[in-house]
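First the structure, in the form of structure tokens, and then the observations on it.
Proteins come first, then strands; the chains are lettered A, B, ... in the order of their sequence lines, and each starts at number 1. Heavy atoms only: backbone and side chains are in, while hydrogens, waters and symmetry mates are out.
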Number of protein chains: 2
Amino acid sequence: MSKINNQNLSEIEWGIMRVLWDKGVLSVKDVWNKLYPNGEKAYTTIQTYMDRMIEKGLLRKEKIGLVNFYQPVVQQEKMMSQATDRFVSNAFGGSFGHLAAFLVGSGKLSSEDINKIKKLINEAEGE
Amino acid sequence: MSKINNQNLSEIEWGIMRVLWDKGVLSVKDVWNKLYPNGEKAYTTIQTYMDRMIEKGLLRKEKIGLVNFYQPVVQQEKMMSQATDRFVSNAFGGSFGHLAAFLVGSGKLSSEDINKIKKLINEAEGE
DNA sequence: TTTAGTATACTACAAATGTAGTAATAAAAC
DNA sequence: GTTTTATTACTACATTTGTAGTATACTAAA
């Protein structure tokens, strides 16, 4: 039974989740084509990943004809939130403010980003 | 030779790094006491971690008397920056703005956090 | 100078991760 | 109807991670 989902995703797992969140329901081949159009990884490697991700409760599959179609079990928002929590707790000692300040001070944000943030802050404060 | 440092840290490795960044130079025992005052992990487990972290180029050690003292090789800022890059690229498709917006919209920031961010933004724009 | 206490160095091993090959099966093409 | 092609299912294996025990060696105490 899908062990209360709370693990870290590896880079490849994130990639797989992203295309599935984006496209909805896909076969291994679809995902593979999307992620590795030049065959950087073997097809069966991705197959293995995706089947292991079912065991982890991240995906589920359904066979239609002879092809398996996979889809996310976990919501993107939820996963992002959990991952952010874990990341902040590891890298920023649990302080979201620290991370936010780091972002603002890091030069990693474009001026559009900054404007969007200001707007969001104003909206949030307006309520 | 310290293979250009670019790996992910596990939760435990982050913990070790954090106490070392904080305190400077410590023995295994010091770190262990700090992180697991109730012996949640075996002393030798931490020893193993710290020695592996030397191979990964994260720490270095120096023997004084019969005790090894460990210290970080990589700067905290740099590590945080790299880790943030990787995290954003995995979880937010590479968009820092997305992460920042997510943070502001998530309710994870306190009002002091928000104020600090506004101040930082103003300062940044003032220059 | 034998003994008891520490810290180190080395070894061990299971689980998870990264990577992919091969066997089997079904459909399509000939 | 036999061959080829597409997929899946299963197996394999090296590396890394998590966890810790044991053997050594040195210091301090008795």
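Alongside B:Leu66, the hydrophobic cluster contains no other residue (criterion: ILVMFWY side chains under 4.5 Å).
The separation between B:Met53 atom CE and D:dG18 atom P is 11 Å, rounded to whole Å. In this structure, CH2 of B:Trp32 is placed 12 Å from P of C:dT8, rounded to the nearest angstrom. Distance CG (A:Asn8) to P (D:dT16): 19 Å, rounded to an integer number of Å. Distance B:Asp51 CG to D:dG18 P: 16 Å, rounded to the nearest Å.
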Atom pairs and distances, donor-acceptor, side-chain atoms in residues 14-32 of chain B, under 3.5 Å, two or more places apart:
residue, atom, partner, partner atom, Å
B:Arg18, NE, A:Asn90, O, 3.0
B:Trp21, NE1, B:Val74, O, 2.9
B:Ser27, OG, B:Lys29, N, 3.4
B:Ser27, OG, B:Asp30, N, 3.1
B:Ser27, OG, B:Asp30, OD1, 3.4
B:Ser27, OG, B:Asp30, OD2, 3.0
B:Asp30, OD2, B:Ser27, N, 3.0
B:Trp32, NE1, B:Lys41, O, 2.8

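Taking 4.0 angstrom as the limit, B:Tyr43 places none of its side-chain polar atoms (N or O) nearer than this to OP1 or OP2 of C:dT6. Phosphate proximity of D:dC26 to B:Lys63: absent, as no side-chain N or O sits under 4.0 Å from OP1 or OP2.
From B:Lys63, atom NZ reaches atom CG of B:Asn68 across 5.0 Å, with rounding to the nearest 0.5 Å.
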> Which letter, B, S or -, goes with each nucleotide of nucleotides 18-30 of chain C from 5' to 3', with contact meaning a protein heavy atom under 4.0 Å?
Replying inline: BBBBB---SS---
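In this structure, B:Asn68 reaches the sugar-phosphate backbone alone: every heavy-atom distance under 4.0 Å involves primed, P, OP1 or OP2 atoms, never a base.
Between the side chains of A:Tyr70 and A:Asp51, at least one donor-acceptor pair of N or O atoms lies under 3.5 Å.
A distance-only check finds a donor-acceptor pair linking the side chain of B:Glu13 to the backbone of B:Ser10 [under 3.5 Å]. In terms of modelled atom types and a separation under 3.5 Å, the side chain of B:Asp113 and the main chain of B:Ser110 share a donor-acceptor contact.
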